[in-house]
Amino acid sequence: MVNAREHRAIGVAVLGFGNVGSEVVRIIRDQAADLEQRVGARLELRGIAVRDTSRDRGLDPALFTSDAEALVAREDVDIVVEVIGGIDYARRLILSALGSGKSVVTANKALLAEHTGELAEAAESKNVDLYFEASVAGAIPVIRPLTQSLAGDRVNQVAGIVNGTTNFILSAMDDTGADYAETLAEAGRLGYAEADPTADVEGYDAAAKAAILASIAFHSRVTAADVHREGISTITPADFESARALDCTIKLLSICERVRSADGRERVSARVYPALVPLSHPLASVGGAFNAVVVEAENAGRLMFYGQGAGGAPTASAVMGDLVMAARNKVNGGRGPRESRYANLEVAPMRDITTRYFVNMQVTDKAGVLSAVAAEFAAHGVSISTVRQEGAGDGARLVVVTHTATDAALSDTVEALGKLEFVTAVTSVLRLEGTQQ
Ligand code: NDP
Ligand code: HSE
């Protein structure tokens, strides 16, 4: 423990001066007096690591270095803020900081979703903090509520919209009727989608966040590889039309929940996919690039967190919250919560997960089609809730909504439907979330 009276300043190194890092530095400088009062010591910026030191960044050039490792190693650095991104180099820098007894704040979801265990153990062995509020849902406080506010409750589900780019695209497709490619191009023009949008549109970013959420909510280790992942690139305007006919919209959901296996064992499910969501569900009204996370806890009931899930200043807000916590711990002694993985729950395979489904197929418009289709659902033990024909003649489509069934039963049904003479194509299969039955 460090005596507060001896602790006149906390040395901070910021690794990265991009969207997030530049805003972190701005806040440290602009709010220095307030931050000093809140921490009980001055936060002193020791240096900023960037790739290119030749660019004018509007600050004293002496603050910048391209040697992040040397900056981390400086004796007068107490806390390292990692906002460079990427996995290998960031991992090395963070391990080096933790290994020399420095607390770390990071926004790096890609790294955490693969290496939380190793990083948490390094923090543990030196009794320092590893904070990562900004890694999930940007400005929205969700890590701290799960690890601290709900530490005395039992969380059963954490579900939400944790990727702003895809939510922008799906909201725009729903609002305008435009197709996926057009809307993705518009998202790129407006600066929401990156030049290579794969991580967002194929669900990798949301899966990384789901892994982090599942690990902390269920006191287990879940990595990105454990998360079932499907993206949004196959969603069509026709899917939105069908969704509207069912009073639903389509959202890319990250769902983490406790599930029970057939033998009664408790397991964790972590999955990311586009799903139909009833318009009456709170997540349906989360539009544009906003994020929202709904937590279901045994005693607290349903809690909803909503706000900006990305962007320099919103993300820097979450980083700063962590920085203040880590700095207070340096001043007062002690540390924040450790990694909690005592429950060590196994991850349930997707085939065991039960949800409702929406199956859209092109069919030959003639007598007997409906009964042949219904018979396949029945043969695989999948109960139909509603069935509707859309269009006629060559454009005839059957839209089936099921009661809950396992993913395995539904996959087998779809495979069998594809072989039916009357079914020209199964054009889409989406899950229906947020309803009972
Ligand atoms: P940027 O690409 O905008 O910034 C990255 C910064 O890191 C740049 O300043 C770059 O230097 C610097 N950098 C890259 N490589 C090196 C290196 N080898 N040595 C030293 N510096 C280096 O990233 P963001 O600010 O957008 O994101 C940072 C982190 O925050 C990522 O982990 C991201 O996933 C996470 N995050 C970002 C959000 C957002 O909205 N942007 C939201 C939530 C999390 P230079 O300026 O010279 O190129
Ligand atoms: N690409 C991410 C998104 C940034 O669109 O939500 C925030 O993690």
Side-chain angles (χ1 to χ4, degrees), residues 13-26 47-59 61 63-72 80-94 104-115 132-140 142-143 160-171 184 187-188 190-210 212-213 231-232 252 254 272 286 288-293 307-319 322:
V14 178
L15 313 182
F17 193 72
N19 296 312
V20 182
S22 60
E23 293 295 328
V24 168
V25 169
R26 176 187 60 77
I48 305 167
V50 290
R51 217 170 357 206
D52 176 5
T53 48
S54 67
R55 276 171 52 196
D56 178 11
R57 315 262 182 175
L59 293 174
L63 273 174
F64 293 91
T65 173
S66 59
D67 190 347
E69 285 163 73
L71 176 57
V72 166
V80 172
V81 175
E82 185 278 310
V83 279
I84 284 182
I87 296 188
D88 294 335
Y89 190 48
R91 172 176 161 268
R92 281 211 312 277
L93 291 170
I94 292 178
V104 170
V105 174
T106 177
N108 194 331
K109 62 246 169 174
L111 172 65
L112 289 161
E114 285 190 25
H115 296 287
F132 46 91
E133 181 65 68
S135 65
V136 179
I140 308 174
V142 59
I143 304 289
I161 296 166
V162 293
N163 184 271
T165 306
T166 47
N167 202 50
F168 174 85
I169 293 171
L170 293 173
S171 305
L184 172 62
L190 293 172
Y192 290 110
E194 296 190 25
D196 177 1
T198 312
D200 291 321
V201 300
E202 296 304 342
Y204 291 98
D205 176 79
K209 292 165 180 168
I212 297 168
L213 289 174
I232 65 161
L252 182 72
S254 293
V272 170
V286 176
F290 277 81
N291 283 193
V293 177
Q308 298 190 66
T315 308
S317 164
V319 170
D322 283 351

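As the structure lists them, so they are numbered: ligands from 1, and atoms in each ligand from 1.
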Please list, by chain and number, the protein residues whose heavy atoms come under 4.0 Å of ligand 2.
K109, N163, G164, T165, D200, D205, K209, G309, A310
Over all atoms of both residues, closest heavy-atom pair of N291 and G309
OD1-CA, 3.3 Å
State which residues pass side chain to side chain contact (heavy atoms under 4.5 Å, CB included) with A90; sequence neighbours excluded, sorted by chain then number.
E82, N108, L111
Which heavy atom in L71 sits nearest to a heavy atom in A13, and how many Å separate them?
CG-CB, 3.7 Å
Can you list every pair where an N/O of ligand 1 is under 3.5 Å from an N/O on the protein?
from     : atom 1 : to   : atom 2 : distance (Å)
ligand 1 : 3 (O)  : N19  : N      : 3.0
ligand 1 : 3 (O)  : N19  : ND2    : 3.2
ligand 1 : 9 (O)  : F17  : N      : 2.8
ligand 1 : 9 (O)  : G18  : N      : 3.1
ligand 1 : 11 (O) : R51  : N      : 3.1
ligand 1 : 21 (N) : R51  : N      : 3.3
ligand 1 : 25 (O) : N19  : N      : 3.2
ligand 1 : 25 (O) : V20  : N      : 2.9
ligand 1 : 26 (O) : N19  : ND2    : 2.9
ligand 1 : 34 (O) : K109 : NZ     : 3.4
ligand 1 : 40 (O) : G311 : N      : 2.7
ligand 1 : 46 (O) : R57  : NH1    : 2.8
ligand 1 : 46 (O) : R57  : NH2    : 3.3
ligand 1 : 47 (O) : R51  : N      : 3.0
ligand 1 : 47 (O) : D52  : N      : 2.8
ligand 1 : 47 (O) : R57  : NH2    : 2.9
ligand 1 : 48 (O) : R51  : NH2    : 3.0

Take atom CG of D52 as the centre, draw a 6.0 Å sphere, and report whether it contains more than 12 heavy atoms from other residues, nucleotides or ligands.
yes
Only one of I94, V319, L93, D322 passes side chain to side chain contact (heavy atoms under 4.5 Å, CB included) with T106; say which it is.
I94
Residue of the set I161, I232, L252 for which side chain to side chain contact (heavy atoms under 4.5 Å, CB included) holds with N167:
I161
When you compare the side chain of V50 with that of R57, does any pair of heavy atoms fall below 4.5 Å?
yes
Side chains of residues 201-209: which donor-acceptor partners sit under 3.5 Å, not counting sequence neighbours?
from : atom 1 : to   : atom 2 : distance (Å)
E202 : OE2    : S233 : OG     : 2.9
Y204 : OH     : R229 : NH2    : 3.3
D205 : OD1    : K109 : NZ     : 3.2
D205 : OD2    : N163 : ND2    : 2.8
D205 : OD2    : K209 : NZ     : 2.6
K209 : NZ     : V162 : O      : 2.8

May I ask you to test the V136-L112 pair for a side-chain heavy-atom distance under 4.5 Å?
no
